[in-house]
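Naming convention: chains lettered A, B, ... in sequence-line order (proteins, then strands); numbering from 1 in each chain.
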2 protein chains.
Amino acid sequence: MEASGDKRAPLSRERIALAALAIADAEGLEALTMRRLAAELGAAPMAAYAHFADKRELLAEVVDAVMGEVDLPEADGRWRKPLRRLGMSFRSALVAHPAVMPAVHVCGARGANALTVIDRAHSILRAAGFPDEQVGRAVETIYAFALGSASLEIAWATLDPSARHAQIFALPRSAYPDLTAVMPHVLAVDVEDRFRYGLDRILDGLAGARRAR
Amino acid sequence: MEASGDKRAPLSRERIALAALAIADAEGLEALTMRRLAAELGAAPMAAYAHFADKRELLAEVVDAVMGEVDLPEADGRWRKPLRRLGMSFRSALVAHPAVMPAVHVCGARGANALTVIDRAHSILRAAGFPDEQVGRAVETIYAFALGSASLEIAWATLDPSARHAQIFALPRSAYPDLTAVMPHVLAVDVEDRFRYGLDRILDGLAGARRAR
DNA sequence: ACCTGAACACCGTTCAAGT
DNA sequence: ACCTGAACACCGTTCAAGT
C-alpha cells in the first residue's frame, strides 16, 4: 500500500504531512524520523526542510491533518445534539491516530482545521442563542474534556498488556480501597460510553448555567 | 542552587527523579538527557540505568513526582467542595511543571502518587453516598477535564509570543467568524477562572445525575 | 525555489569492566 | 548490587552545492 502517492509527484506541505501521518499510524511516532519520511517520499533526507522550518512545524501539520477528520454538524439552532456529535467525532479522530497524541501536547492543535472545528462549536452555541460570555467557556470545557479523555484512553490502550493487567488485578486494595472497589463498575462500561457519559454531564451543566443566567 | 542534594549521597530512584524534575523545570524537557542528568548528580552517564530500565521509566517517575504535589482533601461526607479543591490542585500541579506535560501523555499518570490522588477522588464521592456505578465515571470525567485543561493551558503559554499574538489578533474573521467574535469574552476571564467554570459545570452535571437516579 | 549529499553535534542504549 | 567509560547506531539540523 502506497499511502503517500506517486513518488515522482512534487512535494508539498500536504503530501509530506500525509506521508508523515501514515508512518506514525503504521509504526508509531518514534519511527517518524526526517530520514524515514524522506525515504517514504522517495526524496533526499533534507527535502522536507524546503517546506517546513523544523520537525515541530511538520508535526503541527500532522496534528492538523487529524483535525481535518472531525465531522462538523450544522449550526441549525439546536445545540445539544450537534455539539454532542462534534465532541464524539473530535474524540474519535484523536483515538484513531494514537501515535499522534504526544504531538498534540507538544504542538497544541491550532492549525486551520483545528480552528475550523473550534469555530463550528462556537457557531452551534451562538445560533442556539447562548450568550457570548458563556459560549467561549462552554467550548473550552468540552474541548479540554475531549482532549483529556482521548489522552487517557490512548495512554491506557498503549500500555503493554502485562502492565495493564497489573493495574486491573494487582493493585493493592489496602492502598487504594475505593479505587479498587469501584474499578469493576468502570470496566463494565465501554470506553466510548464512558466518554459519552462525561460529555452528557457537561452538556447538562451548560444547560443549567444558561437557564440560571 | 543545588536542587539534587549532596553529590556524594548514594543514588536512589527518588533522588534521580527529583534531579530530573529540576532540570525539566529549569531548562525544559529537551534539556533532560541522561548525560545531563548524570552530570547534575555527579555520576557517570550510565549511573541512572542501575535504577531505571530506560528513560521512559524515569519520565514516569518524574510525572509521579508532580502528582505528589496534589493536595488531598478529606473524604468527610461532603463531596462538592472537596472534589472541587482536588480538581483545582491537580490542575495547579500540572501547570506548575509545564515541561513535564508531554511526558504525561507518553507515560500516562499511573504511579503510586497518581493512584493515591485518584483513590481519594473515589473516596470523597463514596463517603458522600454516590452510587458506585456513578463514582468511577464521575472521577474519570473530572480527571480528563483537568488533564485536558492543563494541556491546553500549557500549550498556549509555551507558544512563542509572536504566534500567540497572531492567534489573538490576526485570525481571519471571514474564516472563523464565531470564534473571533467570542474571543474577547474568553480573554477577559483569567485561565484559572475559566477552569473553575468548567469544573463547576461538570459538578452541576454530576449532581443532577445523582438526583435523577 | 526546490532539492541534494556530506558533515556536525548530539542522543539513548549496549557492553565489558571495575568495586 | 551499583557504578564506570568507551563504543554503537542512530537522530535533527547546518551548510555548501547543484538545478
Side-chain angles (χ1 to χ4, degrees), chain A residues 4-24 26-63 99-100 102-108 158 160, chain B residues 4-24 26-63 99-100 102-108 158 160:
Chain A
S4 43
D6 183 7
K7 295 195 178 188
R8 299 294 165 76
L11 296 180
S12 68
R13 282 178 71 96
E14 197 196 359
R15 205 164 87 81
I16 295 169
L18 288 179
L21 179 56
I23 294 169
E27 300 170 48
L29 200 61
E30 327 78 51
L32 175 51
T33 69
M34 298 307 275
R35 291 160 215 260
R36 175 87 168 73
L37 174 61
E40 205 71 23
L41 292 164
M46 290 299 297
Y49 283 91
H51 299 87
F52 295 96
D54 53 24
K55 193 179 183 181
R56 194 189 156 104
E57 197 177 300
L58 166 67
L59 288 176
E61 193 82 12
V62 172
V63 169
V100 176
V104 178
H105 246 297
V106 175
C107 306
T158 53
D160 64 291
Chain B
S4 44
D6 182 6
K7 295 195 180 189
R8 300 293 165 75
L11 295 179
S12 68
R13 282 177 73 96
E14 196 196 0
R15 205 164 86 81
I16 295 169
L18 288 178
L21 179 57
I23 294 169
E27 300 170 48
L29 201 61
E30 327 78 51
L32 175 52
T33 68
M34 298 306 275
R35 290 159 215 260
R36 175 87 170 73
L37 174 61
E40 205 71 25
L41 291 164
M46 289 300 297
Y49 282 92
H51 298 88
F52 295 96
D54 53 23
K55 193 179 183 182
R56 193 188 158 105
E57 196 177 300
L58 166 67
L59 288 177
E61 192 83 12
V62 172
V63 169
V100 177
V104 178
H105 246 298
V106 176
C107 306
T158 53
D160 65 291

S.K.: What is the distance from CZ of R15(B) to C1' of dC3(D), rounded to the nearest Å?
M.R.: 13 Å
S.K.: Could you check how far CZ of R35(B) sits from P of dG5(D), rounded to whole Å?
M.R.: 14 Å
S.K.: Can you tell which of dC11(C), dC3(C), dG12(D) lies closest to the side chain of M34(A)?
M.R.: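 Closest nucleotide to the M34(A) side chain: dG12(D).
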S.K.: Measure CG/L37(A) against P/dT4(C) and give the value in whole Å, please.
M.R.: 12 Å
S.K.: With a cut-off of less than 4.0 Å, is there a side-chain N or O of Y49(B) near OP1 or OP2 of dT13(C)?
M.R.: yes
S.K.: Starting from P on dT14(C), measure out to NZ on K55(B) and report it in whole angstrom.
M.R.: 14 Å
S.K.: Which nucleotide, if any, forms a Watson-Crick or G-U wobble pair with dG5(C), using both distances under 3.5 Å?
M.R.: dC15(D)
S.K.: In whole Å, what is the span from the CD atom of E30(B) to the C1' atom of dC11(D)?
M.R.: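 Computing the E30(B):CD to dC11(D):C1' distance gives 15 Å.
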S.K.: Should L29(B) and V106(A) count as side-chain neighbours, where that means a heavy-atom distance under 4.5 Å?
M.R.: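 Heavy-atom side-chain distance check fails, nothing below 4.5 Å.
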S.K.: Which nucleotide sits closest to the side chain of A50(B): dT13(C), dG12(D), dC3(D)?
M.R.: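 Nearest listed nucleotide: dC3(D).
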S.K.: Could you check how far CG of L29(B) sits from P of dC11(C), rounded to whole Å?
M.R.: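 It is 13 Å, rounded to the nearest whole Å.
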S.K.: Go through dC15(C), dC3(C), dT13(D) for me and flag the one nearest to the M46(B) side chain.
M.R.: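 When the side chain of M46(B) is considered, dC15(C) is the closest of dC15(C), dC3(C), dT13(D).
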S.K.: Taking atom C1' of dC11(D) as reference, at what distance in whole Å does atom CG of L59(A) sit?
M.R.: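 These atoms are roughly 14 Å apart.
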S.K.: Hey, which of these two, A31(A) or P45(B), hits DNA chain D nearer its 5' end, going by closest nucleotide?
M.R.: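 Between the two, 5'-proximity favours P45(B).
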S.K.: Are the side chains of H51(B) and R15(B) in contact, using a 4.5 Å heavy-atom criterion?
M.R.: no
S.K.: Between dT13(D), dC3(D), dG12(C), which nucleotide has the shortest distance from any of its atoms to the side chain of H51(B)?
M.R.: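 Of the options given, the side chain of H51(B) lies nearest dC3(D).
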S.K.: Tell me: CZ of F52(B) to C1' of dG12(C), nearest whole Å?
M.R.: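 After rounding, the gap between these two atoms is 16 Å.
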S.K.: CE of M34(B) to CG of L32(B): how many Å apart, nearest 0.5 Å?
M.R.: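 It comes to 8.0 Å.
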S.K.: Can you confirm whether E14(B) is buried at CD, in the sense that more than 12 heavy atoms of other residues, nucleotides or ligands lie under 6.0 Å from that atom?
M.R.: no
S.K.: As an exercise, state the distance from CG of L37(B) to CD1 of I16(B), rounded to the nearest 0.5 Å.
M.R.: 7.0 Å
